[in-house]
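In listed order, ligands and their atoms are each counted from 1.
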Amino acid sequence: MADRPFIMLGIESSCDETAAAIIGSDKTIYANEIASQMDQHAEYGGVVPEVAARAHLETIDVVIDRALQKAGLVLADIDGFAATAGPGLIGGVAVGTVTAKAIAAARQRPYYAVNHLEGHALSARLTDSIEFPYLLLLVSGGHTQLLAVAGPGRYHRYGTTMDDAAGEAFDKCAKIMGLGYPGGPAIEKAARLGNAGTIALARPLKGADHCHFSFSGLKTALANKLKQLGGVDQAPLHDLAASLQAAIADCLADRSQKAMHQFATDYLANSPDTPPVLVIAGGVAANRYIFEQLADTAAKNGFRLSVPPAALCTDNAAMIAWAALERHHQDGADSDDFDFAPRPRWPLDSHASPPPGRGVRA
Ligand code: KG4
Ligand code: ZN
């Protein structure tokens with residue numbers, strides 16, 4: 001028993017994907033299944049919590065079955081059960097955690113309550129060999145944060161958004177331009193046919209003496225440009241998409257550069273043998289243009305850039321199973337009690353000082 005890998009089943013249901021994955025402590029990905037609800041939310045232009053919770057409830061058993069079949073395993077082969085316990089839409093989180101707890105209780109196996117953000121934060125270590133500490137740019141639909149990752153449960157936040165997250169800016173701007181939901185992939189596709197140089201958009205907080213972000217002004221600026229250029233029917237949407245993508249990428253690169261300096265001061269006093277690593281995680285990390293801009297900035301600052309494969313960037317259950325396995329490695333069987341309550345808000349660094357301004361995101 002001790003020599004064989006620990007096999008973890010992970011469940012993710014905090015937003016609009018119902019996902020189940022089976023991962024070994026030796027990093028074997030036995031299965032990584034996902035059922036997207038995107039079609040059900042697309043007509044509303046965003047995620048509707050009640051629709052999401054119902055869809056999770058209807059799909060979760062099917063997705064878990066699919067994962068077991070893909071892996072060629074049965075429930076008796078699973079050593080531990082993990083689920084996203086927050087932050088996220090509480091209805092979906094409740095479906096995932098209750099399911100994981102029920103199976104864990106029935107099978108008398110440990111249960112792991114996982115922070116969704118920690119799933120994103122540690123996902124790069126599932127597919128790349130990265131040592132702690134590293135610098136993380138977490139960019140998703142709900143979060144935009146720069147953090148030093150010192151180990152599981154050990155985070156130091158350098159910056160966060162004062163208003164919208166980067167993915168939220170993509171989604172809201174795509175909606176304004178009539179490009180559909182989710183906005184990030186739609187804008188990336190449109191931007192490939194456009195020229196970023198023809199429409200000037202501001203870079204909020206570029207050059208600021210801290211690592212925080214602000215994206216809501218960009219949305220207003222884009223809406224104004226669109227109006228000036230004749231609205232959705234007449235404006236050059238491809239150019240607008242390219243300008244928006246370039247502006248977001250530029251802001252992410254500028255703030256990341258600031259954080260790289262800070263990280264070097266905090267963690268790299270004795271020059272390490274291998275270059276420090278900047279990891280990008282979260283749905284926006286799937287964007288090729290942003291990847292290229294950040295790779296360039298990282299290289300200029302002596303950092304190696306690591307990005308998980310696209311399927312591990314957007315929401316998935318492999319990262320949830322892996323985050324639980326990271327903890328299992330660290331402390332032995334450090335599982336959670338069944339009375340662990342879901343947390344709609346769950347910051348990675350609970351001691352982080354808030355950014356200047358209002359509307360602070362965890
Ligand atoms: O991590 P994720 O799947 O879910 C959250 O936890 O939020 O991230 C979803 C976000 C959405 O805002 C979506 O528009 C954005 O990631 N996204 C992208 C791309 N693919 C997904 N943004 C820019 N370019 C993409 N290719
Ligand atoms: Zn996410």
query = Which is it for D250 and Q293 under the side-chain hydrogen bond (donor to acceptor under 3.5 Å, both in side chains) test, yes or no, and what are the steps along the way?
reply = CA-CA 8 Å; D250 203 10; Q293 296 301 304; over 6 Å; no
message = Quick one, D266 with Y158, criterion side-chain hydrogen bond (donor to acceptor under 3.5 Å, both in side chains). Give me CA distance, side-chain angles, the key distance, then yes/no.
response = CA-CA 11 Å; D266 293 347; Y158 291 130; 2.7 Å; yes
task = Measure the spacing between CD of Q257 and CG of D296 and express it to the nearest 0.5 Å.
result =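 That separation rounds to 10.0 Å.
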Under 3.5 Å between any N/O of [X] and any N/O of ligand 1: does that happen in this structure?
{"X": "G141", "result": "yes"}
{"X": "G282", "result": "no"}
{"X": "G167", "result": "yes"}
{"X": "T314", "result": "no"}

Ligand-side contact atoms (ligand 1) for residue partner [X], heavy atom cut-off under 4.0 Å:
{"X": "G142", "answer": "7 (O)"}
{"X": "D171", "answer": "11 (C), 12 (O), 13 (C), 14 (O)"}
{"X": "H116", "answer": "6 (O)"}
{"X": "H120", "answer": "1 (O), 6 (O)"}

ask   = Would a line drawn from the ring center of W322 to the ring center of Y112 be shorter than 6.0 Å?
value =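 Between Y112 and W322, which both carry aromatic rings, the centre distance is not below 6.0 Å.
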message = For the Zn ion (ligand 2), which protein N/O/S atoms fall under 2.8 Å? Skip waters.
response =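 Sorted hits: H116 NE2, H120 NE2, D315 OD1.
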message = If only side-chain N and O atoms count, and only distance matters, is there a donor-acceptor pair under 3.5 Å linking N316 with E12?
response =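 Result is no, nothing qualifies.
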query = With distance as the sole criterion, is a donor-acceptor pair present between the side chains of Y181 and D16 under 3.5 Å?
reply =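 Yes, side-chain donor-acceptor contact under 3.5 Å.
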ask   = Hey, is C15 one of the residues with a heavy atom under 4.0 angstrom from ligand 1?
value =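 Flag not set, C15 not near ligand 1.
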Of the protein's non-hydrogen atoms, which lies at the shortest distance from [atom], and what is that distance?
{"atom": "atom 26 (N) of ligand 1", "result": "E188 OE1, 2.8 Å"}
{"atom": "atom 24 (N) of ligand 1", "result": "N287 ND2, 3.1 Å"}
{"atom": "atom 21 (C) of ligand 1", "result": "G283 O, 3.4 Å"}
{"atom": "atom 4 (O) of ligand 1", "result": "D315 OD2, 3.0 Å"}
{"atom": "atom 18 (C) of ligand 1", "result": "G184 CA, 3.5 Å"}

Salt bridge flag under 4.0 Å for residues [X] and [Y]:
{"X": "R327", "Y": "D336", "value": "yes"}
{"X": "D128", "Y": "R304", "value": "yes"}
{"X": "E188", "Y": "R288", "value": "no"}

message = Can you list everything that forms a salt bridge (charged side-chain N to carboxylate O under 4.0 Å, His left out) with K258? Sequence neighbours excluded, please.
response =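 For K258 the salt bridge (charged side-chain N to carboxylate O under 4.0 Å, His left out) partners, ignoring immediate neighbours, are D209.
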inquiry  = Is there a path of hydrophobic side-chain contacts, each under 4.5 Å between heavy atoms, that joins I199 and I187?
reply    =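 In one cluster: yes.
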query = Would H328 and D79 satisfy side-chain hydrogen bond (donor to acceptor under 3.5 Å, both in side chains), going step by step from the backbone distance to the final call?
reply = CA-CA 11 Å; H328 175 74; D79 300 312; over 6 Å; no
ask   = Are R125 and F132 in a cation-pi setup, meaning NZ or CZ lies under 6.0 angstrom from the ring centre and within 45 degrees of the ring axis?
value =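 So R125 does make the cation-pi contact.
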